Amino acid sequence: MRATRAFIHLDHLRENIALVREKTGRAVCMPVKADAYGHGALMVAKAALAAGVQHLAVATVGEGTGLRRGGVDAPVMLLSIPLPEEIKQLAASDLEPLAGDEEYIDALEQEASRTGKQIRIHLKIDTGMGRIGCRPAQAPAMACRIAKSKNLVLAGTATHLAVSDSLAPGDRAFTKKQIGAFYTAVEAIKAVGVDPGLIHAANTGAVTFYKNAWFDMVRPGILLYGYAPADKSGNAALGVKPLMELVSSVVFIKSVRRGETVSYGRTWKAKTGTIIGTIPLGYADGLSRGLSNKWRILAGDTLRPLAGRICMDQCMVDLGQDSGLHRWDRVTIFGGKAPHAGTMASLVGTIPYEITCNINKRVPRVYIDGPAVLKPGYTPSYSPAI
Ligand SMILES: *Cc1c(COP(=O)(O)O)cnc(C)c1O
């Protein structure tokens with residue numbers, strides 16, 4: 001295996017799930033879209049289910065089918081809208097789509113009646129995210145349409161919050177309005193005699209800050225992967241731990257003299273004689289080039305600055321004159337004892353989601369559960385934490 005690899009701490013996942021379950025007391029749906037935010041969907045899904053998560057959520061039909069092929073038989077929600085020609089596979093893979101318009105609902109009914117197998121739908125209400133779903137006023141009619149379709153089941157009713165991760169006064173007011181609109185829509189569905197099914201709305205921000213948005217089930221993503229919502233105050237109290245630890249090794253070491261430069265563009269120049277280490281990790285692995293000359297990696301027990309531009313497949317680190325580091329020694333890029341992906345995200349003006357999603361397929365994932373290293377395909381069998 002190559003030196004550059006991402007350790008995925010499933011023991012941290014288990015702890016984070018236990019924290020969310022203890023805090024909310026609700027059923028948990030874990031989004032494992034985008035290959036579990038870059039952590040590896042199948043291993044994360046299996047570990048999450050073993051730790052008491054009841055539902056999973058994906059963004060594409062292919063992601064859902066991948067989970068089924070891997071032996072996952074828990075309910076899997078499909079959060080995004082597929083093309084009409086994907087509906088056959090959606091149904092065959094037993095995915096539970098989020099739908100909020102007649103055309104999609106009717107296409108699902110058509111497929112379900114063709115195969116004779118029911119499709120479970122979650123009605124998606126757009127209360128202010130502005131992405132997908134029906135307007136709150138349309139919710140009762142849409143719920144009726146699903147409930148009255150012969151082969152569809154209204155398994156749940158959902159909305160998504162746009163600024164629940166921010167405590168700014170305007171954002172708080174908007175979130176309260178969204179939650180209120182959702183609540184009213186759910187009541188209106190009940191008032192026309194339809195069972196709304198499982199009611200769910202809470203992403204990471206709402207799990208952290210808005211108890212009245214927990215309803216029957218919560219859907220926190222980034223929190224379970226171990227990162228704070230944008231406003232960090234609430235999450236620090238919850239104490240989640242990041243799952244991803246990106247490591248590599250120093251594969252080449254050399255001394256440079258004062259005035260010598262390192263990497264493309266000659267943006268880094270030695271102010272004194274120093275030792276430069278080369279790391280086999282670059283922007284093609286997902287290490288943003290915007291971190292050039294900015295990020296510091298953990299070498300031994302000291303943070304050392306990257307030197308010069310990050311290349312496609314390699315980057316350089318200024319180890320200083322007396323780091324005591326040797327060729328082949330391990331370094332940590334983020335996570336573990338080094339600053340985590342959330343800190344890195346702030347530095348380049350993005351969010352931890354993008355940092356972990358960008359660590360791509362070229363970087364092997366190594367799954368760790370406490371001291372044990374798990375082989376892909378392994379199903380953790382610990383008992384639920386609570
Ligand atoms: C991605 C997603 C979530 C999880 O969001 P986080 O910010 O990671 O907590 C929840 N619900 C929906 C519909 C999503 O698309």
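Treat the numbers as computed from the prediction; the structure is a model and nothing was measured. Just follow the structure's listing: the first ligand is 1, and inside any ligand the first atom is 1.
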Note the single closest protein heavy atom to atom 12 (C) of ligand 1, along with its residue, its atom name and the distance in Å.
H160 CE1, 3.3 Å

Any side-chain to backbone donor/acceptor pair from Q321 onto G273? Under 3.5 Å, distance only.
yes

Ranked by distance from atom 11 (N) of ligand 1, the top protein heavy atom is R219 NE, 2.9 Å

Provide the closest heavy-atom pair for V163 versus D171 in the form atom of the first, atom of the second, distance.
CG2-O, 3.6 Å

For Y353, the atoms of ligand 1 under 4.0 Å from one of its heavy atoms are 6 (P), 7 (O), 8 (O)

If you compare M30, K33, H200 by their heavy atoms, the one closest to atom 15 (O) of ligand 1 turns out to be K33

Step through it carefully: locate the ring centre of H200, locate the ring centre of H122, and say whether they are under 6.0 Å apart.
yes

Nearest 0.5 Å please: distance from the CD1 atom of I119 over to the CG atom of N151.
8.5 Å

Consider every N or O of P31 and every N or O of ligand 1, then say whether any pair is closer than 3.5 Å.
no

Could D35 and R365 be called an ion pair, given the rule that one side-chain N must be under 4.0 Å from one carboxylate O?
no

Whether Y225 and Y37 hold their rings parallel, tilted or perpendicular, with breakpoints at 30° and 60°:
parallel

Going by the atom numbers of ligand 1, which of them fall below 4.0 Å from some non-hydrogen atom of N203?
5 (O), 9 (O)

Give me the one residue out of T208, T204, T175, N203 that meets side-chain hydrogen bond (donor to acceptor under 3.5 Å, both in side chains) with S164.
N203

Counting only nitrogen or oxygen atoms and a 3.5 angstrom limit, does K124 reach ligand 1?
no

Which ligand 1 atoms are under 4.0 Å away from a heavy-atom of Y37?
1 (C), 4 (C), 5 (O), 6 (P), 8 (O)

Before signing off on this row, confirm whether I222 and ligand 1 have an N or O atom pair separated by under 3.5 Å.
yes

When Ile, Leu, Val, Met, Phe, Trp and Tyr are grouped by side-chain heavy atoms lying under 4.5 Å apart, directly or through other members, which residues fall in the same group as L198?
M77, L79, L98, M217

In this structure, does ligand 1 have an atom that sits under 4.0 Å from one of the heavy atoms of L79?
yes

Within 4.0 Å of some non-hydrogen atom of P220, the atoms of ligand 1 are 9 (O)

Can a non-hydrogen atom of R131 be found less than 4.0 Å from any atom of ligand 1?
yes

What residue and heavy atom of the protein are closest to atom 9 (O) of ligand 1, and at what distance?
T204 OG1, 2.6 Å

With a cut-off of 3.5 Å and sequence neighbours excluded, list every side-chain donor-acceptor pair involving residues 60-71.
from	atom 1	to	atom 2	distance (Å)
T60	OG1	E63	N	3.0
E63	OE1	A59	N	2.8
E63	OE1	T60	N	3.3
E63	OE2	A34	N	2.8
T65	OG1	V61	O	3.0
T65	OG1	Q89	NE2	2.6
T65	OG1	S93	OG	2.9
R68	NE	S93	O	2.8
R68	NH1	V72	O	2.8
R68	NH1	A74	O	2.8
R68	NH2	A74	O	3.0
R68	NH2	D94	O	3.2

